[in-house]
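So you know, we letter chains A, B, ... as the sequences are listed, proteins then strands, and number each from 1.
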2 protein chains.
Amino acid sequence: MPHNHDALLNHIKADMPSDELLQDLGDLFKVFGDTTRIKIMYALYEDEMCVCAIADLLKMTQSAISHQLKVLKAANLVASRREGKTIYYRLADEHVKSIIGQGYEHITE
Amino acid sequence: MPHNHDALLNHIKADMPSDELLQDLGDLFKVFGDTTRIKIMYALYEDEMCVCAIADLLKMTQSAISHQLKVLKAANLVASRREGKTIYYRLADEHVKSIIGQGYEHITE
DNA sequence: TCAACATATGAACAATTGCTCATATGTTCA
DNA sequence: TGAACATATGAGCAATTGTTCATATGTTGA
């Protein structure tokens, strides 16, 4: 007969966050899981930048950057402010840096 | 004429990691960007587990879990040991916990 | 008010991805 | 050695995703 692990499972289940939260967690990391967005976040590491500067930096279309900034903003990873025609984006909080920092450590160790 | 930001860009460029490393970072987070894999990592948070226990816990196919464990292992996020017919998986290092922890904080704040 | 600039957005297409199904590999025990 | 169990793997399909292209929205200054 297949081996049984009901006792273990009941214990683990009790400590697992809700499915909804786990889904949200996955969705959050999905946002980090794209090179373009990682580059954008790195570009904003030290200071805010306008959309066209980011596009220049990454040698990508303004449209492509704008789409990705929307994704980042929806995940509360960046924030923006308007100054005339220009819109400046910046990292939203310190979690962005610490998440990227931990990932960096994992890779380079 | 469009506005110029060459000076800023040169400064930022100097501080950006290589494209290859940024790609690797994106690839790493891509692994975190799936609910099934997040659930697996949470299941392994406290202790090692065998494949069929994880499949039972998540009510998913052994095959599906096995495929995902392969992805997690390729990213060095889990490690495994064999004990007879059974193979036990565990989290590979502390980065897994801190990355997930930071994500959790970001979401629940 | 109109032209120029900065950014946002929707549709569409190619590429990637996670699961299923069938089957292969590896291990134990009688 | 062969049957039962535990896990791994390859092909295929549906769903998701990132970019492009065309165009819309918003702002400024003449």
What residues, two or more places apart in sequence or in another chain, satisfy ring pair (Phe, Tyr, Trp, His ring centres under 6.0 Å) together with Tyr88(A)?
none
Test: side chain to side chain donor-acceptor pair (under 3.5 Å). Region: residues 69-85 of chain A. Which pairs qualify, not counting sequence neighbours?
Glu48(A)-Arg81(A), Lys73(A)-Ser80(A), Arg81(A)-Glu83(A)
Please identify each residue that fulfils ring pair (Phe, Tyr, Trp, His ring centres under 6.0 Å) with Phe29(A), with sequence neighbours left out.
Phe32(B)
Are Ile40(B) and Leu57(B) side-chain neighbours, meaning at least one heavy-atom pair lies under 4.5 Å?
no
By a strict heavy-atom criterion of less than 4.0 Å, which residues belonging to residues 48-69 of chain B are in contact with DNA chain D?
Cys50(B), Val51(B), Cys52(B), Gln62(B), Ser63(B), Ser66(B), His67(B)
Anything under 3.5 Å between a donor and an acceptor, one on a side chain of residues 101-108 of chain A, the other on a protein residue two or more places apart or in another chain? List them.
{"from": "Gln102(A)", "atom 1": "OE1", "to": "Ser98(B)", "atom 2": "OG", "distance (Å)": "2.8"}
{"from": "Glu105(A)", "atom 1": "OE1", "to": "His95(B)", "atom 2": "NE2", "distance (Å)": "3.1"}
{"from": "His106(A)", "atom 1": "ND1", "to": "Asp93(B)", "atom 2": "OD2", "distance (Å)": "3.3"}
{"from": "His106(A)", "atom 1": "NE2", "to": "Ala75(B)", "atom 2": "O", "distance (Å)": "3.0"}
{"from": "Thr108(A)", "atom 1": "OG1", "to": "Tyr104(A)", "atom 2": "O", "distance (Å)": "2.8"}

Sequence neighbours excluded, the answer for side chain to side chain donor-acceptor pair (under 3.5 Å) partners of Ser63(A) is none
Going by number, which of residues 28-45 of chain B have a non-hydrogen atom under 4.0 Å from DNA chain D?
none
Name every residue in residues 70-87 of chain B that has at least one heavy atom under 4.0 Å from any atom of DNA chain C, in order of residue number, or write none if there are no such residues.
Arg82(B), Gly84(B), Lys85(B)
Taken in chain and number order and not counting sequence neighbours, the residues that satisfy side-chain contact (heavy atoms from CB on, under 4.5 Å) with Asp15(B) are Glu46(A), His11(B)
Does dA6(C) have OP1 or OP2 sitting under 4.0 Å from an N or O in the side chain of Tyr89(A)?
no
Atom CD of Gln23(B) to atom C1' of dT16(C): distance rounded to whole Å?
13 Å
Non-neighbouring partners of Tyr42(A) that pass ring pair (Phe, Tyr, Trp, His ring centres under 6.0 Å), sequence neighbours left out
Tyr45(A)
Return each pair, listed once, that meets side chain to side chain donor-acceptor pair (under 3.5 Å) where at least one residue sits in residues 29-41 of chain A; pairs must be two or more places apart or across chains.
Arg37(A)-Gln68(A), Lys39(A)-Asp19(B)
Set of residues satisfying side-chain contact (heavy atoms from CB on, under 4.5 Å) with respect to Ala79(B), sequence neighbours excluded:
Arg90(B)
